[in-house]
2 protein chains.
Amino acid sequence: MTQTDTVSRILDAAEVLFAERGFTETSLRTITSTAGVNLAAVNYHFGSKKELIQAVFERFLTPFTETLAADLDRRVAAGEKLEVEELLGSLFRGGVASLAAEGRDPQRFMRLLGMAYTQHQGHLRRYIVSRYGESYRRFAGLLSQALPGIDPVTFYWRLYFMLGATIFTLSSFDAIDAILREDFDAQSSLPETLDRLVPAAAAMLRADTEKS
Amino acid sequence: MTQTDTVSRILDAAEVLFAERGFTETSLRTITSTAGVNLAAVNYHFGSKKELIQAVFERFLTPFTETLAADLDRRVAAGEKLEVEELLGSLFRGGVASLAAEGRDPQRFMRLLGMAYTQHQGHLRRYIVSRYGESYRRFAGLLSQALPGIDPVTFYWRLYFMLGATIFTLSSFDAIDAILREDFDAQSSLPETLDRLVPAAAAMLRADTEKS
DNA sequence: CAACAATTTAAACACTTGTTTTGATCTGGC
DNA sequence: GCCAGATCAAAACAAGTGTTTAAATTGTTG
(Lines give C-alpha, C1' and ligand atoms only; values in the text may rest on other atoms or scores of the structure.)
Protein backbone atom coordinates (compact mmCIF):
# COMPACT_ATOMS: atom_id res chain seq x y z
CA MET A 1 0.00 0.00 0.00
CA THR A 2 1.80 3.09 -1.20
CA GLN A 3 1.30 6.62 0.07
CA THR A 4 -1.06 7.59 -2.73
CA ASP A 5 -3.13 4.60 -1.82
CA THR A 6 -3.62 5.69 1.76
CA VAL A 7 -4.25 9.28 0.77
CA SER A 8 -6.91 8.45 -1.78
CA ARG A 9 -8.55 5.86 0.43
CA ILE A 10 -8.95 8.52 3.07
CA LEU A 11 -10.32 10.95 0.50
CA ASP A 12 -12.77 8.37 -0.81
CA ALA A 13 -14.12 7.58 2.62
CA ALA A 14 -14.23 11.21 3.72
CA GLU A 15 -16.03 12.28 0.57
CA VAL A 16 -18.82 9.77 1.10
CA LEU A 17 -19.15 10.31 4.83
CA PHE A 18 -19.04 14.10 4.67
CA ALA A 19 -21.75 14.11 2.03
CA GLU A 20 -23.91 11.80 4.12
CA ARG A 21 -23.55 13.37 7.54
CA GLY A 22 -21.77 16.68 7.31
CA PHE A 23 -18.36 17.67 8.51
CA THR A 24 -18.61 17.92 12.26
CA GLU A 25 -20.88 14.89 12.42
CA THR A 26 -18.17 12.78 10.83
CA SER A 27 -15.27 11.87 13.12
CA LEU A 28 -11.76 11.08 11.98
CA ARG A 29 -12.13 7.68 13.56
CA THR A 30 -15.11 6.87 11.37
CA ILE A 31 -13.24 8.02 8.30
CA THR A 32 -10.06 6.12 9.02
CA SER A 33 -11.82 2.92 10.03
CA THR A 34 -14.00 2.81 6.91
CA ALA A 35 -10.92 3.64 4.88
CA GLY A 36 -9.04 0.87 6.63
CA VAL A 37 -6.14 3.05 7.66
CA ASN A 38 -4.68 4.18 10.94
CA LEU A 39 -6.24 7.08 12.79
CA ALA A 40 -3.05 9.14 12.73
CA ALA A 41 -2.84 8.91 8.94
CA VAL A 42 -5.14 11.89 8.47
CA ASN A 43 -3.00 14.21 10.52
CA TYR A 44 0.14 12.79 8.97
CA HIS A 45 -0.92 13.22 5.34
CA PHE A 46 -3.23 16.21 5.54
CA GLY A 47 -2.18 18.01 8.69
CA SER A 48 -5.61 18.50 10.18
CA LYS A 49 -9.26 17.77 9.69
CA LYS A 50 -9.81 21.20 8.13
CA GLU A 51 -7.18 20.54 5.51
CA LEU A 52 -8.72 17.15 4.79
CA ILE A 53 -12.05 18.84 4.12
CA GLN A 54 -10.38 21.25 1.71
CA ALA A 55 -8.58 18.37 -0.02
CA VAL A 56 -11.92 16.64 -0.60
CA PHE A 57 -13.23 19.76 -2.31
CA GLU A 58 -10.07 20.27 -4.28
CA ARG A 59 -10.35 16.79 -5.79
CA PHE A 60 -13.92 17.54 -6.80
CA LEU A 61 -13.74 21.09 -7.97
CA THR A 62 -10.54 21.09 -9.97
CA PRO A 63 -11.66 18.61 -12.67
CA PHE A 64 -15.12 20.14 -12.59
CA THR A 65 -13.95 23.67 -13.32
CA GLU A 66 -11.37 22.46 -15.84
CA THR A 67 -13.98 20.56 -17.83
CA LEU A 68 -16.27 23.54 -17.72
CA ALA A 69 -13.50 25.90 -18.82
CA ALA A 70 -12.49 23.65 -21.72
CA ASP A 71 -16.09 23.36 -22.80
CA LEU A 72 -16.56 27.11 -22.75
CA ASP A 73 -13.26 27.66 -24.58
CA ARG A 74 -14.31 25.32 -27.36
CA ARG A 75 -17.65 27.01 -27.81
CA VAL A 76 -16.25 30.50 -27.73
CA ALA A 77 -13.51 29.56 -30.22
CA ALA A 78 -16.11 28.08 -32.54
CA GLY A 79 -17.81 31.44 -32.50
CA GLU A 80 -21.05 30.00 -31.17
CA LYS A 81 -23.54 32.44 -29.82
CA LEU A 82 -23.97 31.20 -26.30
CA GLU A 83 -27.59 31.16 -25.26
CA VAL A 84 -28.71 30.84 -21.67
CA GLU A 85 -29.83 27.24 -22.13
CA GLU A 86 -26.52 26.26 -23.65
CA LEU A 87 -24.53 27.82 -20.87
CA LEU A 88 -26.61 26.09 -18.25
CA GLY A 89 -26.22 22.89 -20.23
CA SER A 90 -22.46 23.27 -20.13
CA LEU A 91 -22.59 23.84 -16.43
CA PHE A 92 -24.90 20.97 -15.62
CA ARG A 93 -24.37 18.32 -18.23
CA GLY A 94 -20.74 19.06 -19.00
CA GLY A 95 -19.39 19.58 -15.55
CA VAL A 96 -21.60 17.09 -13.82
CA ALA A 97 -21.13 14.44 -16.47
CA SER A 98 -17.37 14.80 -16.22
CA LEU A 99 -17.58 13.70 -12.63
CA ALA A 100 -19.97 10.88 -13.39
CA ALA A 101 -17.56 9.65 -16.05
CA GLU A 102 -14.83 9.30 -13.47
CA GLY A 103 -17.14 7.12 -11.46
CA ARG A 104 -17.83 9.90 -8.99
CA ASP A 105 -21.31 10.62 -7.86
CA PRO A 106 -22.41 14.10 -9.01
CA GLN A 107 -25.12 14.53 -6.43
CA ARG A 108 -22.63 13.77 -3.71
CA PHE A 109 -20.68 16.68 -5.08
CA MET A 110 -23.74 18.87 -4.99
CA ARG A 111 -24.47 17.90 -1.43
CA LEU A 112 -20.95 18.88 -0.49
CA LEU A 113 -21.28 22.18 -2.29
CA GLY A 114 -24.49 22.90 -0.48
CA MET A 115 -22.84 22.09 2.81
CA ALA A 116 -19.99 24.44 2.06
CA TYR A 117 -22.59 27.19 2.05
CA THR A 118 -24.83 25.99 4.83
CA GLN A 119 -22.49 24.54 7.41
CA HIS A 120 -20.57 26.94 9.50
CA GLN A 121 -17.12 26.40 8.01
CA GLY A 122 -15.58 29.76 7.33
CA HIS A 123 -12.27 28.32 6.20
CA LEU A 124 -14.00 26.27 3.51
CA ARG A 125 -15.90 29.15 1.98
CA ARG A 126 -12.75 31.22 1.93
CA TYR A 127 -10.80 28.40 0.34
CA ILE A 128 -13.37 27.82 -2.40
CA VAL A 129 -13.74 31.48 -3.24
CA SER A 130 -9.99 32.06 -3.46
CA ARG A 131 -9.37 28.90 -5.44
CA TYR A 132 -12.31 28.80 -7.83
CA GLY A 133 -13.65 32.34 -7.80
CA GLU A 134 -12.25 33.06 -11.23
CA SER A 135 -14.09 30.18 -12.90
CA TYR A 136 -17.25 31.37 -11.26
CA ARG A 137 -16.81 34.93 -12.48
CA ARG A 138 -16.11 33.80 -16.02
CA PHE A 139 -19.26 31.74 -16.18
CA ALA A 140 -21.31 34.50 -14.62
CA GLY A 141 -19.92 36.97 -17.15
CA LEU A 142 -20.87 34.79 -20.11
CA LEU A 143 -24.30 34.21 -18.66
CA SER A 144 -24.97 37.90 -18.20
CA GLN A 145 -23.93 38.50 -21.81
CA ALA A 146 -26.60 36.03 -22.85
CA LEU A 147 -29.16 38.17 -21.04
CA PRO A 148 -28.85 41.49 -22.86
CA GLY A 149 -30.13 44.54 -21.11
CA ILE A 150 -30.60 42.91 -17.76
CA ASP A 151 -30.06 45.10 -14.74
CA PRO A 152 -26.80 44.00 -13.04
CA VAL A 153 -28.28 43.78 -9.57
CA THR A 154 -31.27 41.84 -10.83
CA PHE A 155 -28.92 39.48 -12.63
CA TYR A 156 -26.89 39.07 -9.51
CA TRP A 157 -29.87 37.98 -7.45
CA ARG A 158 -31.26 35.74 -10.14
CA LEU A 159 -27.92 34.00 -10.37
CA TYR A 160 -28.21 33.15 -6.71
CA PHE A 161 -31.81 32.05 -7.12
CA MET A 162 -30.59 29.67 -9.81
CA LEU A 163 -27.69 28.44 -7.71
CA GLY A 164 -30.07 27.83 -4.85
CA ALA A 165 -32.52 25.89 -6.97
CA THR A 166 -29.68 23.80 -8.36
CA ILE A 167 -27.76 23.08 -5.22
CA PHE A 168 -30.79 22.51 -3.07
CA THR A 169 -32.52 20.23 -5.53
CA LEU A 170 -29.53 18.14 -6.40
CA SER A 171 -28.30 17.86 -2.86
CA SER A 172 -31.70 16.58 -1.74
CA PHE A 173 -32.16 14.54 -4.91
CA ASP A 174 -32.52 11.23 -3.11
CA ALA A 175 -35.14 12.51 -0.70
CA ILE A 176 -37.15 14.26 -3.40
CA ASP A 177 -36.97 11.25 -5.67
CA ALA A 178 -38.21 9.01 -2.86
CA ILE A 179 -41.33 11.13 -2.33
CA LEU A 180 -41.90 11.29 -6.06
CA ARG A 181 -41.76 7.53 -6.26
CA GLU A 182 -44.26 7.16 -3.47
CA ASP A 183 -46.78 9.78 -4.51
CA PHE A 184 -46.67 9.53 -8.29
CA ASP A 185 -45.29 6.07 -8.84
CA ALA A 186 -42.76 7.78 -11.04
CA GLN A 187 -39.07 8.31 -10.65
CA SER A 188 -36.43 10.52 -12.15
CA SER A 189 -32.83 10.04 -13.04
CA LEU A 190 -30.35 12.80 -12.45
CA PRO A 191 -29.95 13.63 -16.17
CA GLU A 192 -33.73 13.86 -16.48
CA THR A 193 -33.84 16.24 -13.56
CA LEU A 194 -31.15 18.38 -15.09
CA ASP A 195 -33.19 18.46 -18.30
CA ARG A 196 -36.07 19.77 -16.25
CA LEU A 197 -33.89 22.26 -14.47
CA VAL A 198 -32.36 23.91 -17.54
CA PRO A 199 -35.55 25.39 -19.02
CA ALA A 200 -36.93 26.29 -15.61
CA ALA A 201 -33.76 28.10 -14.60
CA ALA A 202 -33.54 29.80 -17.97
CA ALA A 203 -37.09 31.07 -17.62
CA MET A 204 -36.28 32.42 -14.20
CA LEU A 205 -33.19 34.21 -15.43
CA ARG A 206 -35.12 35.77 -18.29
CA ALA A 207 -38.27 36.72 -16.40
CA ASP A 208 -39.21 40.30 -17.04
CA THR A 209 -39.55 42.40 -13.96
CA GLU A 210 -42.69 44.28 -14.95
CA LYS A 211 -45.21 41.74 -13.77
CA SER A 212 -46.18 41.11 -10.12
CA MET B 1 -37.54 34.12 37.10
CA THR B 2 -40.45 31.82 36.41
CA GLN B 3 -40.36 28.63 34.38
CA THR B 4 -41.54 30.27 31.19
CA ASP B 5 -38.72 32.68 31.59
CA THR B 6 -36.07 30.01 31.63
CA VAL B 7 -37.70 28.05 28.84
CA SER B 8 -37.96 30.98 26.50
CA ARG B 9 -34.50 32.25 27.33
CA ILE B 10 -33.14 28.89 26.29
CA LEU B 11 -35.21 28.95 23.11
CA ASP B 12 -34.05 32.47 22.28
CA ALA B 13 -30.40 31.60 22.68
CA ALA B 14 -30.71 28.26 20.89
CA GLU B 15 -32.54 29.83 17.97
CA VAL B 16 -29.80 32.35 17.36
CA LEU B 17 -26.90 29.98 17.90
CA PHE B 18 -28.36 27.16 15.83
CA ALA B 19 -28.95 29.54 12.95
CA GLU B 20 -25.42 30.84 13.18
CA ARG B 21 -23.47 27.64 13.57
CA GLY B 22 -25.70 24.66 13.03
CA PHE B 23 -26.94 22.08 15.48
CA THR B 24 -23.97 19.88 16.23
CA GLU B 25 -21.62 22.83 16.22
CA THR B 26 -23.60 24.43 19.03
CA SER B 27 -23.08 22.87 22.44
CA LEU B 28 -25.57 22.92 25.25
CA ARG B 29 -23.00 24.73 27.34
CA THR B 30 -22.81 27.56 24.83
CA ILE B 31 -26.59 27.78 24.76
CA THR B 32 -27.09 27.75 28.50
CA SER B 33 -24.30 30.19 29.21
CA THR B 34 -25.53 32.77 26.69
CA ALA B 35 -29.03 32.23 28.02
CA GLY B 36 -27.74 32.73 31.56
CA VAL B 37 -29.24 29.53 32.88
CA ASN B 38 -27.84 26.35 34.31
CA LEU B 39 -26.56 23.63 32.02
CA ALA B 40 -29.00 21.04 33.35
CA ALA B 41 -31.96 23.27 32.52
CA VAL B 42 -32.10 22.06 28.93
CA ASN B 43 -32.46 18.42 29.86
CA TYR B 44 -34.86 19.31 32.64
CA HIS B 45 -37.25 21.36 30.55
CA PHE B 46 -36.88 19.78 27.12
CA GLY B 47 -35.59 16.31 27.83
CA SER B 48 -32.77 16.24 25.34
CA LYS B 49 -30.95 18.31 22.77
CA LYS B 50 -33.02 16.76 19.97
CA GLU B 51 -36.23 17.85 21.62
CA LEU B 52 -34.82 21.32 22.11
CA ILE B 53 -34.13 21.54 18.38
CA GLN B 54 -37.69 20.51 17.63
CA ALA B 55 -39.04 23.04 20.11
CA VAL B 56 -37.13 25.81 18.35
CA PHE B 57 -38.79 24.83 15.08
CA GLU B 58 -42.18 24.48 16.67
CA ARG B 59 -42.03 28.04 17.96
CA PHE B 60 -41.16 29.24 14.47
CA LEU B 61 -43.35 27.13 12.28
CA THR B 62 -46.62 27.19 14.16
CA PRO B 63 -47.28 30.94 13.87
CA PHE B 64 -45.88 30.90 10.37
CA THR B 65 -48.24 28.23 9.09
CA GLU B 66 -51.17 29.70 11.02
CA THR B 67 -50.68 33.11 9.46
CA LEU B 68 -50.36 31.55 6.04
CA ALA B 69 -53.48 29.44 6.54
CA ALA B 70 -55.52 32.44 7.72
CA ASP B 71 -54.34 34.46 4.75
CA LEU B 72 -55.29 31.72 2.33
CA ASP B 73 -58.66 31.23 4.04
CA ARG B 74 -59.46 34.90 3.70
CA ARG B 75 -58.60 34.97 0.04
CA VAL B 76 -60.43 31.78 -0.80
CA ALA B 77 -63.53 32.97 1.10
CA ALA B 78 -63.46 36.26 -0.79
CA GLY B 79 -63.61 34.21 -3.96
CA GLU B 80 -60.39 35.66 -5.27
CA LYS B 81 -58.82 33.89 -8.15
CA LEU B 82 -55.43 33.02 -6.75
CA GLU B 83 -52.67 33.69 -9.23
CA VAL B 84 -49.17 32.33 -8.84
CA GLU B 85 -47.74 35.68 -7.85
CA GLU B 86 -50.37 36.19 -5.20
CA LEU B 87 -49.81 32.78 -3.69
CA LEU B 88 -46.08 33.34 -3.56
CA GLY B 89 -46.75 36.74 -2.07
CA SER B 90 -48.82 35.14 0.67
CA LEU B 91 -46.07 32.68 1.36
CA PHE B 92 -43.26 35.21 1.42
CA ARG B 93 -44.69 38.49 2.53
CA GLY B 94 -47.47 37.16 4.69
CA GLY B 95 -45.69 34.38 6.45
CA VAL B 96 -42.34 36.05 6.68
CA ALA B 97 -43.77 39.37 7.72
CA SER B 98 -45.71 37.72 10.52
CA LEU B 99 -42.45 36.63 12.04
CA ALA B 100 -40.83 39.99 11.54
CA ALA B 101 -43.79 41.62 13.27
CA GLU B 102 -43.13 39.52 16.36
CA GLY B 103 -39.62 40.85 16.38
CA ARG B 104 -38.25 37.58 15.06
CA ASP B 105 -35.72 37.57 12.31
CA PRO B 106 -37.18 35.94 9.18
CA GLN B 107 -33.87 35.09 7.61
CA ARG B 108 -32.85 33.30 10.76
CA PHE B 109 -35.94 31.22 10.25
CA MET B 110 -34.94 30.53 6.67
CA ARG B 111 -31.46 29.51 7.68
CA LEU B 112 -32.93 27.07 10.16
CA LEU B 113 -35.26 25.69 7.52
CA GLY B 114 -32.37 25.21 5.16
CA MET B 115 -30.44 23.44 7.87
CA ALA B 116 -33.32 21.10 8.53
CA TYR B 117 -32.88 19.91 4.98
CA THR B 118 -29.11 20.05 4.73
CA GLN B 119 -27.86 18.91 8.08
CA HIS B 120 -28.07 15.26 8.84
CA GLN B 121 -30.91 15.34 11.36
CA GLY B 122 -33.39 12.66 10.46
CA HIS B 123 -35.56 13.27 13.50
CA LEU B 124 -36.04 16.91 12.54
CA ARG B 125 -37.16 16.23 8.99
CA ARG B 126 -39.58 13.61 10.25
CA TYR B 127 -40.92 15.97 12.88
CA ILE B 128 -41.48 18.82 10.42
CA VAL B 129 -43.15 16.62 7.83
CA SER B 130 -45.51 15.04 10.35
CA ARG B 131 -46.34 18.32 12.03
CA TYR B 132 -46.59 20.72 9.09
CA GLY B 133 -47.01 18.46 6.09
CA GLU B 134 -50.66 19.37 5.76
CA SER B 135 -50.00 23.09 5.46
CA TYR B 136 -47.43 22.31 2.83
CA ARG B 137 -49.80 20.15 0.81
CA ARG B 138 -52.54 22.75 0.94
CA PHE B 139 -50.30 25.45 -0.41
CA ALA B 140 -48.90 23.14 -3.07
CA GLY B 141 -52.44 22.23 -4.13
CA LEU B 142 -53.49 25.84 -4.52
CA LEU B 143 -50.32 26.62 -6.42
CA SER B 144 -50.83 23.78 -8.86
CA GLN B 145 -54.41 24.99 -9.46
CA ALA B 146 -52.94 28.32 -10.47
CA LEU B 147 -50.88 26.55 -13.10
CA PRO B 148 -53.58 24.92 -15.24
CA GLY B 149 -52.53 22.04 -17.40
CA ILE B 150 -49.13 21.58 -15.85
CA ASP B 151 -47.82 18.05 -15.76
CA PRO B 152 -47.89 16.86 -12.12
CA VAL B 153 -44.33 15.59 -12.11
CA THR B 154 -43.06 18.76 -13.72
CA PHE B 155 -44.93 20.78 -11.13
CA TYR B 156 -43.46 18.68 -8.37
CA TRP B 157 -39.91 19.34 -9.48
CA ARG B 158 -40.49 23.01 -10.12
CA LEU B 159 -41.89 23.36 -6.63
CA TYR B 160 -38.61 22.05 -5.29
CA PHE B 161 -36.63 24.32 -7.58
CA MET B 162 -38.57 27.22 -6.11
CA LEU B 163 -38.10 26.04 -2.55
CA GLY B 164 -34.40 25.68 -3.21
CA ALA B 165 -34.07 29.15 -4.65
CA THR B 166 -35.98 30.58 -1.70
CA ILE B 167 -34.35 28.72 1.13
CA PHE B 168 -30.84 28.97 -0.25
CA THR B 169 -31.06 32.63 -1.06
CA LEU B 170 -32.65 33.71 2.17
CA SER B 171 -30.48 31.54 4.33
CA SER B 172 -27.36 33.03 2.75
CA PHE B 173 -28.88 36.49 2.60
CA ASP B 174 -26.20 38.13 4.70
CA ALA B 175 -23.34 36.68 2.69
CA ILE B 176 -24.93 37.53 -0.65
CA ASP B 177 -25.81 41.02 0.47
CA ALA B 178 -22.22 41.57 1.61
CA ILE B 179 -20.83 40.71 -1.82
CA LEU B 180 -23.47 42.85 -3.47
CA ARG B 181 -22.48 45.78 -1.32
CA GLU B 182 -18.84 45.36 -2.21
CA ASP B 183 -19.16 44.77 -5.94
CA PHE B 184 -22.06 47.04 -6.83
CA ASP B 185 -22.08 49.50 -4.03
CA ALA B 186 -25.71 48.59 -3.66
CA GLN B 187 -27.58 46.75 -0.97
CA SER B 188 -30.88 45.02 -0.60
CA SER B 189 -33.34 44.66 2.18
CA LEU B 190 -35.15 41.43 2.74
CA PRO B 191 -38.51 42.73 1.46
CA GLU B 192 -36.79 43.98 -1.69
CA THR B 193 -35.25 40.60 -2.24
CA LEU B 194 -38.60 38.92 -1.81
CA ASP B 195 -40.02 41.33 -4.38
CA ARG B 196 -37.32 40.15 -6.75
CA LEU B 197 -37.95 36.54 -5.91
CA VAL B 198 -41.69 36.49 -6.57
CA PRO B 199 -41.62 37.26 -10.31
CA ALA B 200 -38.53 35.13 -10.86
CA ALA B 201 -40.06 32.14 -9.11
CA ALA B 202 -43.36 32.64 -10.91
CA ALA B 203 -41.60 32.67 -14.27
CA MET B 204 -39.83 29.48 -13.37
CA LEU B 205 -43.04 27.75 -12.36
CA ARG B 206 -44.73 28.81 -15.56
CA ALA B 207 -41.88 28.08 -17.97
CA ASP B 208 -43.09 26.01 -20.88
CA THR B 209 -41.20 22.81 -21.36
CA GLU B 210 -40.95 22.97 -25.16
CA LYS B 211 -37.83 25.04 -25.35
CA SER B 212 -34.31 23.69 -24.81
C1' DC C 1 23.79 -4.71 2.38
C1' DA C 2 23.57 -0.61 5.11
C1' DA C 3 21.69 3.72 6.19
C1' DC C 4 18.52 7.02 5.94
C1' DA C 5 13.97 8.78 5.19
C1' DA C 6 9.03 7.94 4.68
C1' DT C 7 5.24 5.71 6.43
C1' DT C 8 2.45 3.03 9.62
C1' DT C 9 1.08 1.72 14.16
C1' DA C 10 -0.66 1.74 19.00
C1' DA C 11 -1.11 4.43 22.85
C1' DA C 12 -1.81 8.38 25.24
C1' DC C 13 -3.08 13.30 25.67
C1' DA C 14 -5.97 17.08 26.79
C1' DC C 15 -10.44 18.54 26.01
C1' DT C 16 -15.38 18.73 24.87
C1' DT C 17 -19.68 16.53 24.37
C1' DG C 18 -24.76 15.29 26.19
C1' DT C 19 -26.73 13.47 30.15
C1' DT C 20 -27.51 12.21 35.10
C1' DT C 21 -27.28 12.66 39.84
C1' DT C 22 -27.73 14.64 44.30
C1' DG C 23 -28.94 18.33 47.14
C1' DA C 24 -30.39 22.94 47.71
C1' DT C 25 -33.87 26.50 46.90
C1' DC C 26 -38.08 28.36 45.71
C1' DT C 27 -43.32 28.34 45.23
C1' DG C 28 -48.18 27.76 45.90
C1' DG C 29 -52.07 25.41 48.54
C1' DC C 30 -53.86 23.83 53.06
C1' DG D 1 -46.20 28.13 58.97
C1' DC D 2 -45.53 24.08 56.70
C1' DC D 3 -45.01 20.76 53.45
C1' DA D 4 -45.19 18.59 48.76
C1' DG D 5 -43.84 19.53 44.09
C1' DA D 6 -41.52 22.14 40.91
C1' DT D 7 -37.25 24.40 39.69
C1' DC D 8 -32.48 25.37 39.98
C1' DA D 9 -27.50 24.54 40.84
C1' DA D 10 -22.92 22.23 41.12
C1' DA D 11 -20.63 18.29 40.29
C1' DA D 12 -19.64 14.16 38.28
C1' DC D 13 -20.31 10.71 34.55
C1' DA D 14 -19.13 8.01 30.55
C1' DA D 15 -18.19 8.51 25.96
C1' DG D 16 -16.24 10.72 22.09
C1' DT D 17 -13.35 14.43 19.93
C1' DG D 18 -8.88 16.04 17.20
C1' DT D 19 -4.15 15.80 17.82
C1' DT D 20 0.51 14.25 19.32
C1' DT D 21 4.09 11.08 20.60
C1' DA D 22 7.35 7.53 20.12
C1' DA D 23 8.40 3.23 18.54
C1' DA D 24 8.04 -0.18 14.77
C1' DT D 25 7.95 -1.05 10.00
C1' DT D 26 8.57 -0.32 5.26
C1' DG D 27 10.75 1.71 1.10
C1' DT D 28 14.48 3.86 -1.30
C1' DT D 29 19.02 5.10 -2.45
C1' DG D 30 23.96 5.04 -2.43
Side-chain angles (χ1 to χ4, degrees), chain A residues 1-59 112 115-116 119-124 126-127, chain B residues 1-59 112 115-116 119-124 126-127:
Chain A
M1 191 191 307
T2 70
Q3 176 198 345
T4 13
D5 226 321
T6 302
V7 167
S8 60
R9 292 178 62 145
I10 293 175
L11 286 172
D12 287 343
E15 179 181 300
V16 172
L17 291 167
F18 284 155
E20 273 176 5
R21 327 181 179 187
F23 305 118
T24 42
E25 291 88 345
T26 306
S27 72
L28 292 184
R29 281 168 180 80
T30 314
I31 294 173
T32 50
S33 70
T34 69
V37 304
N38 187 272
L39 167 62
V42 168
N43 290 280
Y44 178 75
H45 287 288
F46 296 94
S48 67
K49 189 181 181 181
K50 281 188 182 182
E51 289 166 286
L52 169 61
I53 295 176
Q54 295 177 0
V56 167
F57 276 81
E58 146 101 53
R59 197 171 63 149
L112 289 170
M115 285 178 179
Q119 316 244 104
H120 188 252
Q121 300 270 358
H123 70 100
L124 224 196
R126 265 175 271 130
Y127 171 79
Chain B
M1 191 192 309
T2 71
Q3 176 200 343
T4 15
D5 227 320
T6 302
V7 167
S8 60
R9 292 178 62 146
I10 292 175
L11 285 173
D12 287 342
E15 181 180 300
V16 172
L17 291 166
F18 284 155
E20 274 177 5
R21 325 180 182 190
F23 306 118
T24 42
E25 291 88 346
T26 307
S27 72
L28 292 183
R29 282 168 179 81
T30 314
I31 294 173
T32 50
S33 72
T34 69
V37 303
N38 186 272
L39 167 62
V42 168
N43 290 281
Y44 179 76
H45 287 288
F46 296 93
S48 67
K49 189 181 181 182
K50 282 188 182 182
E51 289 167 285
L52 169 62
I53 296 176
Q54 295 176 1
V56 167
F57 275 81
E58 145 101 55
R59 196 171 63 150
L112 289 170
M115 284 177 180
Q119 315 243 107
H120 189 252
Q121 300 270 358
H123 70 100
L124 223 197
R126 265 175 271 130
Y127 171 79

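Proteins come first, then strands; the chains are lettered A, B, ... in the order of their sequence lines, and each starts at number 1. All values reported here derive from a predicted model rather than from experimental measurement.
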(message) Counting only side-chain nitrogens and oxygens, does B/Asn38 get under 4.0 Å of the OP1 or OP2 atom of D/dC8?
(response) no
(message) Between A/Asp5 and A/Val37, is there a side-chain heavy-atom distance shorter than 4.5 Å?
(response) no
(request) Heavy atoms only: give me the nearest B/Phe23-B/Gln121 pair and the separation to one decimal. (result) CB-NE2, 3.4 Å
(request) Rounded to the nearest angstrom, tell me the gap between atom CZ in A/Phe46 and atom C1' in D/dG18. (result) 15 Å
Report, one pair per line, the protein and nucleotides 23-26 of chain C atoms (nitrogen or oxygen only) whose separation is under 3.5 Å.
none

(message) Applying side-chain hydrogen bond (donor to acceptor under 3.5 Å, both in side chains), can you list everything that pairs with B/Thr24, at least two apart in sequence or on another chain?
(response) A/Thr24, A/Glu25
(request) For DNA chain C, determine which residues of residues 13-28 of chain B have any heavy atom closer than 4.0 angstrom to one of its atoms, and list them numerically. (result) B/Thr26, B/Ser27, B/Leu28
(request) Starting at atom CG of A/Leu39, determine the distance to atom C1' of D/dG18, rounded to an integer number of angstrom. (result) 8 Å
(message) Side chains of B/Tyr44 and B/Asn38, heavy atoms from C-beta outward: is any pair under 4.5 Å?
(response) no
(request) Would you jot down, in residue-number order, the residues of residues 48-56 of chain B having a non-hydrogen atom under 4.0 Å from DNA chain D? (result) none
(request) Considering just the side-chain nitrogens and oxygens of B/His45, establish if one lies under 4.0 Å of OP1 or OP2 belonging to D/dC8. (result) yes
(message) If the condition is side chain to side chain contact (heavy atoms under 4.5 Å, CB included), which residues does A/Ser27 pass it with, not counting sequence neighbours?
(response) A/Arg29, A/Thr30
(message) Quick check on C/dT8: is either OP1 or OP2 less than 4.0 Å from any side-chain nitrogen or oxygen of A/Thr6?
(response) yes
(message) Could you measure the distance from the NE2 atom of B/His45 to the CD1 atom of B/Ile10? Nearest 0.5 Å is fine.
(response) 6.0 Å
(message) Among residues at least two apart in sequence or on other chains, which ones pass side chain to side chain contact (heavy atoms under 4.5 Å, CB included) with A/Thr26?
(response) A/Leu17, A/Phe18, A/Arg21, A/Ile31
For residues 50-59 of chain B, run the donor-acceptor check on the side chains, cut-off 3.5 Å, and write out each pair with its distance to 0.1 Å, sequence neighbours left out.
residue	atom	partner	partner atom	Å
B/Glu51	OE1	B/Ser48	N	3.4
B/Glu51	OE1	B/Ser48	OG	3.1
B/Gln54	NE2	B/His123	ND1	3.1
B/Glu58	OE1	B/Tyr127	OH	3.3
B/Glu58	OE1	B/Arg131	NH1	2.8
B/Glu58	OE2	B/Thr62	OG1	2.9
B/Glu58	OE2	B/Arg131	NH1	3.1
B/Arg59	NH1	B/Asp12	OD1	3.1
B/Arg59	NH2	B/Asp12	OD1	3.0
B/Arg59	NH2	B/Glu15	OE1	3.0

(message) As an exercise, state the distance from CZ of A/Arg9 to OG1 of A/Thr34, rounded to the nearest 0.5 Å.
(response) 9.5 Å
(message) Angle between the two end axes of the helix from C/dC1-D/dG30 to C/dC30-D/dG1, five base pairs per end, rounded to 10 degrees?
(response) 10°
(request) Return the 5'-most residue of the pair A/Ala40, B/Tyr44 with respect to DNA chain D, ranking by each residue's nearest nucleotide. (result) B/Tyr44
(request) Classify the side chain of B/Arg29 versus the base of C/dG18 as yes if they form a donor-acceptor pair under 3.5 Å and no if they do not. (result) yes
(request) Take atom CG of B/Asn43 and atom P of C/dT19, then tell me their distance rounded to the nearest Å. (result) 5 Å
(request) Under 4.0 Å between any heavy atoms, over every strand shown, what does B/Ala41 touch: base, sugar-phosphate, or nothing? Just pick one. (result) nothing
(request) Starting from P on D/dC8, measure out to CZ on B/Arg9 and report it in whole angstrom. (result) 10 Å
